[in-house]
Amino acid sequence: MITVALERLVPEHIRRFEAYIPSKPDDVLMKMYRCRRLYRLNNNENPLGPPPAARKALAEFPPPRAAIYPSGDAYHLRRRLAENFGLDPDQILVGNGANEVIAFVIKAFCREGDNIVTADKTFAVYEWVAEFSGFQARLVPLKDFGFDDRAMLEAIDERTKVVFVCNPNNPTGKYWSLTRLKSFLDAVAGRRIVVVDEAYCEFVQQPDYPDCIRLIDQYPNLVVFRTFSKMYALAGLRIGYLAGSREVVDIIRRTCVVYSVNGPAQAAAMACLGDREHILRTRRLVREGKQFLKAELAGMGLSTVSGEGNFVMVRLPINDNLAYRKLMSRGIMVRSMTGFRFPGWIRVTIHQRQVLEAFVEALAEILEEV
Ligand SMILES: *Cc1c(COP(=O)(O)O)cnc(C)c1O
């Protein structure tokens, strides 16, 4: 019998790494938890769905085109984005979700012995990609639920190649102002790549919130991430992008997998751009939902942490994984936060009023039980 020589084949950093297990499909979960409905409040998806023009683009996508490879570098989409931002199309790289462009950046700049710097309680994919690629992730504790700029500067050493800042931060919603971000970039002084992940920028309406794409000219080591998954509700199509200076993007392009972004995703993304009405409607839903949710939770004596973005963190008097299972059996899926190093907390995506009411009711029931 043949056995695989795994002890010899598997690098130490892969052996140590624990695979992320995504949630099961709705039909499977509904059987497992015996619930007749399932509201997903776990992934910060937009309950309004894609803008009308994106729906139309999807419906009109000719099925025979499935046989044909898409544009390998999202040619038209990059041109449209570049026009909107006043950049050159060569300053943009489109990926299979912003998740994929994280890997492009790490692969482009890190070699054996190098590290990345980010926060301990933020979007976990920066840390994961670094670690399963064999690079250290230096994780700096949050301060007052936000990224700690001073401690991050101190954590940077001579082997740090990339610094990841999530602005606003998922899951806490805190953000760096323009002034704070610029002084951080001034301190780094071009010696590292600084990534600012703006996955939620379209939700933010604070006057001091920085639009990092405008800072690229001034800071050529700055790389900005954006996604169509959150505000534009195209999470299922997997499309996001990065923007940076021509010289830096020329390097990152070498690690890009071409053809990773499918045709329907490119067409739908292009159709989203410029739909102000969709953004305004979504912002209104988020504003009203957040207000309702926070008031209800405060009434139940629960503390919350929130800021920008379409999510709220809630502190529970019970174990968050237990709360997850109990909420699931009532048809509500939240994000338990032990995995984000926030044990005892859950993160809840802002949804339609009636769904948030169902969540509040279910939460009150399970807290009653214990
Ligand atoms: C959702 C999210 C992403 C990833 O988005 P995709 O484009 O769906 O891969 C990136 N960063 C943050 C902070 C997110 O919350």
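Each ligand, and each atom within it, is numbered from 1 in the order the structure gives.
- Below 3.5 Å of separation, one finds an N or O of K230 facing an N or O of ligand 1.
- For atom 11 (N) of ligand 1, the closest heavy atom belonging to the protein is D197 OD2, 2.6 Å.
- Taking the six-membered ring for Trp and the full ring otherwise, Y241 and F228 have centroids separated by under 6.0 Å.
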Under 3.5 Å, sequence neighbours excluded: what are the donor-acceptor pairs made by side chains of residues 307-317?
| unit_1 | atom_1 | unit_2 | atom_2 | d |
| --- | --- | --- | --- | --- |
| E308 | OE2 | Q206 | NE2 | 2.9 |
| N310 | ND2 | N44 | O | 3.0 |

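- With a heavy-atom cut-off of 4.0 Å, F225 does not touch ligand 1 at all.
- Heavy-atom neighbours of E365 CD from other residues, nucleotides or ligands within 6.0 Å: above the threshold of 12.
- No more than 12 heavy atoms of other residues, nucleotides or ligands sit less than 6.0 Å from atom OH of Y69.
- The shortest N or O to N or O distance between F123 and ligand 1 is not under 3.5 Å.
- Among all protein heavy atoms, the one lying closest to atom 9 (O) of ligand 1 is R238 NH2, 2.8 Å.
- Defined by atom type and a distance below 3.5 Å, a donor-acceptor pair is missing between the side-chain atoms of Y324 and N42.
- Heavy-atom contacts of C166 reach the following atoms of ligand 1: 13 (C) (cutoff under 4.0 Å).
- Of all protein heavy atoms, the one lying nearest to atom 15 (O) of ligand 1 is Y200 OH, 2.7 Å.
- For atom 7 (O) of ligand 1, the nearest non-hydrogen atom from the set N99, V125, T227, L237 belongs to T227.
- When heavy-atom distances to ligand 1 are checked against a 4.0 Å cut-off, S229 comes that close only through its side chain, counted from C-beta outward.
- Defined by atom type and a distance below 3.5 Å, a donor-acceptor pair is missing between the side-chain atoms of D120 and T122.
- Around the CZ atom of R214, the shell of radius 6.0 Å holds no more than 12 heavy atoms that belong to other residues, nucleotides or ligands.
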